[in-house]
Structures are given as structure tokens and as C-alpha cells.
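To start, the structure itself, in C-alpha cells.
Owing to the predicted nature of the structure, the values given are computational and were not obtained by experimental measurement. By convention here, the first residue in the shown sequence is residue 1.
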Amino acid sequence: MDFTSCLSFPSSIAPNGNYSSSNNCSSSFNHRSYYNNIGSKANLLKKQSYVFSKYQLRNFKIQLVPRIEAQLKAEQLEGSEAGCESDGLRWPSPNDEIPFWKGDFPSWDLSSDASAGVEQDSDLLHIVHVTAEMAPIAKVGGLGDVVTGLGRACLNRGHKVDVMIPFYECIPKHCINELALMKTYNSYHDGTWVACNAYRGEVSGVPVILIEPSNHFFKGKNIYGGSYNELDAYLFFSRACLEWMQVNGTQPDIIHVHEWQTGALPLFYWDMYHFLSLQKPRIVLTIHNMEHYGECRQEQLSKFGLDGSAYATEDKAVDDRTVGHNPERLSLLKGGIVYSNAIVTVSPTYLKETLCSGWLSGALMRNRDKYSGILNGIDTEMWNPATDAYLPAKFDASKTEGKRICKQFVQRGLGLPFQGIKHGICVADQIPLVVCITRLVAQKGLHLITHAIKHVEELGGQMVVLGRASDDRVEREFEGLAELHNKGSNIRILLMYSEELSHMLYAAADMVLVPSMYEPCGLAQMIGMCYGAVPIVRKTGGLADTVFDMDDQSHAEIANGFVFEGIDEGSLNCALGRAFSYYQEKPNEWKAVVQKVMRIDNSWNNTAGKYIDIYNSVRVR
């Protein structure tokens, strides 16, 4: 069963997890008024069986056993009228007509000047990102966050930045500030010239150019998975971006392409547009995930004005796995590697891993001199518990009391047991809450996630999983787990995506679990630490570059989490067990770790300078 078929999503969140309502775009919001009106201390008394939302998750019911309901009922009544640290905050209930994460939230007004205190670069660049995703308007995974975060960081340093993305039919237009048609022009496809509209606007303070072809490309309800041929659509988009630069007379210093979707742009640039009018730009490619290669038939590339057969060589774009087969195929990602002036992947450890394994390692080794690993950052304007408008209470590293309120708020809203406020005294919760916010795909360690659900409950903890699966089999498996565990008291599995709820869960979490099989960089562990959630991670890729084990006495000064290396359940059990023991047996030390991880600077401001150095190393002066 396709889980989304039984969901009726409110306008604020589309099934693909993207914004589709003005509620998420407003820049003014009285969050205290909202929180004061959604809770009701008597809501848990109404029903023994309740649902999370009348809009969505209609079949996602939690049937509380009478003992658990009685416990929650007593705690709800006990804590609802106390004001300790909560400033009159009313608590949510899973029986609320509107779930606590579906408020009238703003999406942060990030268009205001955030450059105060940021050192300005003296040697300024014009950078154009060409990408399939941009947060929050066209976000599927971390790619969208990286494009927006890096773009904002470079803008704050004084550079000129534009982001070019397809104008997907599903993009919420009202979330683009000052959207206006800029130019109509033509771009080539299969023997004809297709009319395109180029729109300009601003998203999260970053100028954006949206390319809208007049044919069927990029039509549909989701960013990916439309009825059109995606490879053809992104080949068209790659050339259309260069065509726009040519007809508009734009000569940026850097064209920064991302992933396989725009991997053909360097081919179009060097073998076509550089011989026309585009002389100045140089190309930087960032590989965010080596899992997708952009497999392409020679004749597909030929439909867009290049001779596909000319690239079917080992030193250009042939897919090495198909050599000697009939037909041999091309790889757009490999072509991008060969034809770009600089290549970046998203962590130093992932760089080493990609040089040692995978069929693209040969191409990367041949281009090793232009290949770098730079850790991604997080946008601390968007991810900041001291200013986060989605949270019922704010907190920071020096004053963490608000984190306990956030935890209890989430526990109450999801129907998880909590220790309330007794006799006017706030009682610390000794039950650790583990959060896992992820795409439910094999890369993320599905077998370890499912095992963690069981083992956290055995350890006496609580766990919330938030995510969606693209594979029907995986979705059915997690639907079964949700049906089993959501009836109990300690586990909640939410098969959906919600930007608002993800902020609340990070703020509520004591621990954030990232058990990936491989992880080029990973943002969850960085965001979790920013919100005081101690990471439990498998040692791979960017996780190995950002999380260091608490029991490694040789690096005690940088220890900030719990790390395991194996892909087996026993290795995960050991890490979870150590984390739980530390939390329950060393409360003062745990608080110190929480404050320590919150002070770690994983911001884009700390990372963007490395990209600027690469841009400057290849630019034409």
C-alpha cells in the first residue's frame, strides 16, 4: 500500500515535504499566542483511541492500553496548571484537532541583512549555482539545504550569488519574494527550439532564477518522479541555463553545478558555449552523493546538440561498467568530473572513501589534483534554538532549561509518558529520548534503525522516527512497525516529512541517531548538536569528521558523541548502551556534554571560506 494514498495533507505541507501554503512564508507570527491556544489539559480524557491529525495520518492511530492512558491522564492534569519555566504555556495533546506541529508558523525572514559581524572579502566574485534543489522551495534532501546555506554565506561575505533551478510545477510561488518574469528565450531540444520563461525572485535572502520550459518538463506534484523523462529534462535544463547566460550577456566568475542532474553543463560549456560568447566562467562541481551517476545513452546526449559518441571514451564520460557491452552508456557525473575545473565532495573522509572504492574511483584518481573534500555547514540563521520560532521555549548553551520544556512539549503532543511538575517543583526527566530524522533508504542503515527501535525500548528509553520511504517495500515495513509500536508508550514512528516537527524533535531530543552505511557528510548530527542532542553515529564519511567518541581518552578535548564502526546490531547496541549509561549515571557530565556540543561551530560561515578559496584558484582574472 502506498502510505500517501491514505493521507490528506493540509495545504501547509505537500506530500513531498515541501512548503505549499502561505502559512510557512509569513514573516510575522505570535508563537506564544499559538502555543497558548492549541493545548488542552482535558484532551487526553476524551478518547482511549486517538489520531495524530484529522487532516493526515487518518489510519495512523495510537491505541493506548488503559494503564498508559491513566498514567498520561494523571501527568497531564498534574503538570498542566503549573507555570514553572513555561510562562503559562499550555501543553499539547495527540488528540488536539490541529497537531502541535501544524501551527501558523513563519518560515523565518532570512532576507534581512545577516552579514553583520561577518568579515567581508575584498576580492569579490559572481557565483551562479545551477542545481536541481534549493531549500525550502524545492527541497528533497540535503542538497537543497547546502545550496541555500552556501549561497547565503557567500552573500554575507560580499559576493554576488544567483541560484538557477527548474521552475517545477509544484514549487509554492508565494514563497518566492518579488517573483517576476524576466525574459522569454529559446533553448534547443531534439531538432527544435523550445520557448522558456526565465523568472527572477528571492528565496531566504538569495536571488533565484527559475527556468520554465514550455514543454512538459518539470510538470507534476513532486520535485522528482514526474511523468517526463528526468534525464532529458535535466539535460535540457543544463543547456537552457547556459543559453540564458548567453542571451542575457551574463558572464559569472564561477558556475557551480551540483550532482549528476547538472553534470552535463560542463560538457555543454567547454564544447559549445565557450566557443560562442561565454569566455569568463569556470566550472566547479560538488558531488553530494556518489550513489547516482546520471546514466545516459549516447543518442540522448545527441538530442541536445552534442555528439554523444564523442564522449564514449574512458578519459571522457563513458560509464566504465558498460565498456564492451552493447550499448555502452555515458555517465553525466563522470563527464562533470572530467570537464569541471574543480571538484568538491562534502567531507574529507568521504573523499578518501571515493578514491578507494566505487567504479568512479579511477576517474577521480586521474583528476586527484583538482579534487577536494569540504565539510558542509548548517545555516545557523535557520537552525538556532535561541531564535527558532517553531519551539515552545528557546534555549542556548549557557541556559538550557528551555530544552526540557521542548522535550516535555513533544512528549505530551505525541502521547509519550513524561514526568510532570509536582507540587510546584520541576522534576527532571530521566528517560532519554532518541530521535532519528532521515530518509528511509538503504544508505541510512534501515536494519539498524529498525533494531534501534526495539533496543531503545528494551533499555527503557523513548524513540521517535520521522521520515518517508521512496520504496514501497520499505514503506510497508515501516507501516507495520508503526502499527505495532505506536500503540505502546515509548516509540513513535511518523512516516511523513515536516520541517516544523523536525525542529521540535531536534530540540526535544537527548540523543540523535545517525547509523548510516555510508554518509558523504550528514547534516542531522550537526543540527542535533546545535540543539543539544548528543549524536550516536556510525563511523563513516562526514560522520567520522564531525563526531568523536566520548570514551576515546586520547581525544578527550574534542569528544562529543558515541561512535560505532560495525554494521551489525551488536555494535549499535554497545553505542546505545554507553550513551544511556552516561545519560542516566552521570547527569552533571551529560549536561556539560550538551553545552559542549551546542558550542561547536558547524556554521556555513566557518566553511564558506574554503569554497571561496577554490573559486579563486580557478577563476579568470
Under the side-chain contact (heavy atoms from CB on, under 4.5 Å) test against L355, which residue among L364, L360, T345 passes?
L364
Using the rule salt bridge (charged side-chain N to carboxylate O under 4.0 Å, His left out), only one of R439, K444, K539 pairs with E519; which is it?
K444
First locate atom CG of L150, then atom CD1 of I374, and finally report the distance between them rounded to the nearest 0.5 Å.
9.0 Å
Rounded to the nearest 0.5 Å, the SG atom of C521 sits from the CG atom of N289 at a distance of 11.5 Å
So, W383 versus Y506, ring centres under 6.0 angstrom or not?
yes
What distance separates M517 CE from Q443 CD, expressed to the nearest 0.5 Å?
10.0 Å
Near I567 CD1, under 6.0 Å, is it more than 12 heavy atoms from other residues, nucleotides or ligands?
no
To the nearest 0.5 Å, atom OG1 of T148 lies from atom CD of E381 at 13.5 Å
Could you tell me how the ring of Y615 sits relative to the ring of Y611: parallel (under 30°), tilted (30 to 60°) or perpendicular (over 60°)?
tilted
Can you confirm whether more than 12 heavy atoms, excluding those of E565, are under 6.0 Å from its CD atom?
no
Cut-off 3.5 Å, side chains only: do H288 and N376 have a donor facing an acceptor?
no
Under the side chain to side chain donor-acceptor pair (under 3.5 Å) rule, what do D552 and S554 come out as? Steps first, then yes or no, please.
CA-CA 5 Å; D552 183 359; S554 63; 2.5 Å; yes
Is D510 salt-bridged to K407, cutoff N-O under 4.0 Å?
yes
Modelled atom types, side-chain donor and acceptor of Y350 and D545, under 3.5 Å:
no
Gap separating the CD1 atom of I527 from the CG atom of N384, nearest 0.5 angstrom
12.5 Å
Salt bridge flag under 4.0 Å for residues D320 and K334
yes
Determine, for K139 against E499, whether the closest basic-nitrogen to carboxylate-oxygen distance falls under 4.0 angstrom.
yes
How long is the straight-line distance from CE of M290 back to CD1 of I287, given to the nearest 0.5 Å?
4.0 Å
For a quick check under 3.5 Å, do Q462 and Q411 share a side-chain donor-acceptor pair by atom type?
yes
In this structure, is the centre-to-centre distance between the rings of W590 and Y583 below 6.0 Å?
yes
Salt bridge or not between R578 and D549? Use side-chain N to carboxylate O under 4.0 Å.
yes
Test item: side-chain donor near acceptor, S571 and D568, under 3.5 Å:
yes
Counting only heavy atoms not in K610, do more than 12 sit closer than 6.0 Å to its NZ atom?
no
Does either side chain, that of T354 or that of Y371, offer a donor lying less than 3.5 Å from an acceptor on the other one?
yes
Just so I know, are the side chains of R492 and L416 near enough to count as touching, which here means a heavy-atom distance under 4.5 Å?
yes
Can you find a side-chain donor-acceptor pair between R599 and Q595 that sits under 3.5 Å?
no
